[in-house]
Every structure is written in structure tokens, then in C-alpha cells.
Amino acid sequence: MSSEREPVALPLLEDDRAALRADCGSCFGLCCVALTFSASADFPVNKDAGKPCGNLREDFRCGIHRDLRDKGYRGCTVYDCFGAGQRVSQGTFEGRDWRRDPATARQMFEVFPLMRQLHELLWYVTEALTFPQTRPIAADLERVLAETERLAQADPEAVAGTDVAAHRQVVNTLLLRTSELVRAEHRGQDSQGGKNTKGGKGGKGGKKKDRRGADLIGARLKGADLAGVDLRGAYLIGADLRDADLRAADLIGADFRDADLRGADLTGALFLTQSQVNAAKGDDGTKLSASLHRPGHWSQD
């Protein structure tokens, strides 16, 4: 297959991310086939990569979509492919599905997780460009966005051979700079954080303490002032973040599984994804940026 493809408009604006949102109706059920999952709190059974989930129908739709959480498939309700599924199905493989064209299956399942990583990077860089504080590095962000899109538009062989990890390092340098620029105005504000089982009280009268990669599992952070704090890769599993201020906090890679975000303010939080939101608990009082939606299960938790 030739690597020459129709140019695709780059998603440069926050409200222009349709290509980076999952469209399951245009996908060949790739997340239900290509990925592995193990029996756990997120899945009731084991499934090997390349083996279709038992709930996947012939039309590539989920047979228990409305009851996933009740039937133990919570992991499915959290997962987000950032639109990689429809790109691989309708773009990279030009509408040839793995059932009718079994010869494509192995390569399609290999390409999908790589494409998902590229689309995640597209989401982050697109978001970085929406912040006025990133104007000094806008040209660099646009350049790396265009390069990421070029990699994603390539043919299956080229995508499969992409060193996504190396490209991620290049992108991450700019995402770190974005974080510094956007969070700068929050540095030096007094910390009003509440008691914390992992880190004690926030220091009043001083600069806020960044918690990058911190173990905050089960931490009591109700009402904490975490605006502008670096929480990259932090473990916030089961943390009490009710009514916490997380505006402009860097949340890339933070683990929000079962974190209580009821009443929390996450407007303007950096690099927060729908997958992270889906993994947490929230309510009508939880404030989210316009690019994210309130999960249906929040009203049930």
C-alpha cells in the first residue's frame, strides 16, 4: 500500500477535536480484539490480544454496551482510543476489516495500539496550543503536531515501524514547557491543602509543593488548593478530592481510579483526558473543561 495519502486537516482548536474522539460506529471493534485484558476489578475474564471479546457482535458493536459496568467490564467504560480506532479502520486500512479480510488482522492489531499512542499525543499537543501562555513555543508545538499527524497518516508498514517512544520524548519536552508556562501564575500562592495521609499538611505561607509521581493513594485532600500543582504521574487511586481546586494542575498520566472528585474544580486542568475522568467518581458539582464530558455512571456512583 502506498504511503501517499490525502492530507488531513490538523485539529488545532480545542473545539475541533472530532478526529481525536472515539467513533465506535466507524471502527472494527479494535479495542475489543487487539488488546489484552485480565480478570480483575476491571474485567471478569481473561482475554488474549488478537482474540475477539465474547461480547463483540458481528457488526463490531458491543452486545452489553449499556450494562458493561454491571457485568464487570468497568475497564471498557474507562478506555479511550482518542479516535485511533476509526483512523486505523477507515484510514490506514481503507475500510478493509479483519473479518472479511483476515490477512489484515495481524498487522491491524499491531498498528492499533501504536496509533492510539500517536492520537494521544495529538490530543495533548492540540490542547497545549489552546493556552495563550504557550505563544512563545507555538511554532514548535505546531511543528511537532504536524510531524505526529504525518506519522499517523502513514501506511500500515510505516506506522508499525514507528519508534513512538522516541517521538513521545520529543513531544514531552514541549509538553513540560507548556506545563511550566501555564502553571507559572499559580506558583508562590499560599497552599491551603488539607490533611494528607501520604504527605501531611500543605505548608501555609509558602510555595505549593509539586507532587509529580507522588504516592497519594487514599490521600485525604478534601478542599485542597492544588491549583497549578504538578501532579504528573501521581497515584491518586481512591483519593478524597472532594471540593478540591485542581485548576491548571498538570494531570498528565495521573491515576484517578476511584478518586472522589465530587465538587472538585478541574476547569483548565492540563492534559486531563476523558479516560482519567471516566475512572474517577464525580457528580453534578464537578467542574470540567469543555473538551470533556460528564460520564454517565457518575450519577450512579
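Please read these numbers as outputs of a predicted model, since none were measured by experiment.
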Does any N or O in the side chain of Thr173 come within less than 3.5 Å of the main-chain N or O of Gln169, such that one atom is a donor and the other an acceptor? yes
Does Thr162 reach the main-chain N or O of Ala158 with its side chain, forming a donor-acceptor pair under 3.5 Å? yes
Looking at CZ of Phe82 and CG of Leu20, how far apart are the two atoms once the value is rounded to the nearest 0.5 Å? 9.0 Å
Close side-chain approach of His293 and Leu288, heavy atoms under 4.5 Å: no
If you define the side chain from C-beta out and look only at heavy atoms, does anything of Gln153 sit under 4.5 Å from Arg87? yes
Is there a side-chain contact between Asp243 and Lys222 (heavy atoms, below 4.5 Å)? yes
Where do Val111 and Pro156 come nearest, in terms of heavy atoms and distance? CG2-O, 3.7 Å
Of all heavy-atom pairs linking Trp123 and Ser291, the shortest is CH2-O, 4.0 Å
Can you give me the closest heavy-atom contact between Ile137 and Leu174, atom names plus distance? CD1-O, 4.0 Å
Check each of Val164, Val88, Leu30 against Met115 using the side-chain contact (heavy atoms from CB on, under 4.5 Å) test, and report the only one that passes. Val88
Pairwise distance CZ(Arg232) to CG(Asp230) - rounded to 0.5 angstrom: 6.5 Å
Does CZ belonging to Phe271 count more than 12 external heavy atoms closer than 6.0 Å? yes
Check Pro44 against Ala39 and note the closest heavy-atom contact, atom names and distance. O-CB, 3.9 Å
Keeping the roles fixed (side chain from Trp298, backbone from Ala280), state whether a donor-acceptor pair exists under 3.5 Å. yes
Could you check whether Asp283 pairs with Arg242 (Lys NZ or Arg NE/NH1/NH2 to Asp/Glu carboxylate O, under 4.0 Å)? no
To the nearest 0.5 Å, tell me how far Glu149 CD sits from Thr126 OG1. 9.0 Å
So, taking the atom named OH in Tyr235 and the one named CD1 in Ile217, what distance separates them when rounded to the nearest 0.5 Å? 8.0 Å
Do His167 and Gln117 come within less than 4.5 Å of each other through their side chains, counting heavy atoms only? no
Taking a hydrophobic cluster as the set of Ile, Leu, Val, Met, Phe, Trp and Tyr residues connected by side-chain heavy atoms closer than 4.5 Å, whether directly or through intermediates, do Phe37 and Val33 fall within one such cluster? no
Between Ser289 and Gly268, the two heavy atoms sitting closest are OG-N, 2.8 Å
I need the minimum non-hydrogen distance between Ala248 and Leu270, along with the two atoms involved. O-CD1, 3.2 Å
Using a strict threshold of under 4.0 Å (side-chain N to carboxylate O), is an ion pair present between Asp59 and Arg61? no
Student check: side-chain heavy atoms of Gln133 and Arg183 closer than 4.5 Å: no
What about Leu292 and Leu226, same hydrophobic cluster or not, with Ile/Leu/Val/Met/Phe/Trp/Tyr joined at side-chain heavy-atom distances under 4.5 Å? yes
Criterion side-chain contact (heavy atoms from CB on, under 4.5 Å) against Leu231, the qualifying member of Asp210, Leu246, Asp250: Leu246
With distance as the sole test, does Asn46 use its side chain to make a donor-acceptor pair with the main-chain N or O of Asp48 at under 3.5 Å? no
If you count the non-hydrogen atoms of other residues, nucleotides and ligands that lie under 6.0 Å from CZ in Arg294, is the total more than 12? yes
Backbone N or O of Ser26 within a donor-acceptor pair of the Gln90 side chain at under 3.5 Å? yes
Can Asp42 and Arg74 be counted as an ion pair, charged N to O under 4.0 angstrom? yes
With side-chain contact (heavy atoms from CB on, under 4.5 Å) as the criterion, how do Thr148 and Leu145 come out once you've worked through the C-alpha distance, each side chain's angles and the decisive distance to 0.1 Å? CA-CA 5 Å; Thr148 307; Leu145 182 67; 5.5 Å; no
Do the side chains of Val171 and Tyr124 get nearer than 4.5 Å, heavy atoms only? no
Output for pair (Arg69 CZ, Asp67 CG), nearest 0.5 Å, gives 12.5 Å
Do you reckon Val144 sits in the same ILVMFWY cluster as Leu176, going by side-chain contacts under 4.5 Å, direct or chained? no
Answer yes or no: is there a side-chain heavy-atom contact under 4.5 Å between Pro295 and Val277? yes
If you round to the nearest 0.5 Å, how far is CG of Asp240 from CG of Asp260? 5.5 Å
Around atom CZ of Arg135, are there more than 12 heavy atoms of other residues, nucleotides or ligands at under 6.0 Å? no
Is the closest basic N to carboxylate O distance between Glu120 and Arg116 below 4.0 Å? yes
Using a 3.5 Å distance criterion without hydrogens, assess whether the side chain of Lys47 forms a donor-acceptor pair with backbone atoms of Leu35. yes
Evaluate whether atom CZ of Arg247 has more than 12 neighbouring non-hydrogen atoms of other residues, nucleotides or ligands under 6.0 angstrom away. no
Out of the candidates Phe109, Phe93, Phe28, only one should pair with Thr104 under the side-chain contact (heavy atoms from CB on, under 4.5 Å) rule; please name it. Phe93
Around His65, counting heavy atoms of other residues, nucleotides and ligands shown, do more than 12 lie under 6.0 Å from its NE2? no
Can you say whether the rings of Tyr79 and Phe112 are parallel (under 30°), tilted (30 to 60°) or perpendicular (over 60°)? tilted
Looking at Gln276 and Ile252, would you say the former's side chain and the latter's main chain have a donor-acceptor pair under 3.5 Å? no
More than 12 heavy atoms from other groups under 6.0 Å of NZ on Lys287: no
Answer with yes or no whether the hydrophobic clustering places Val78 together with Leu56; edges join I, L, V, M, F, W, Y residues whose side-chain heavy atoms lie under 4.5 Å apart. no
For a 4.5 angstrom cut-off between non-hydrogen side-chain atoms, does Arg96 reach Met108? no
Is it true that the side chains of Ser275 and Asn278 contain a donor and an acceptor less than 3.5 Å apart? no
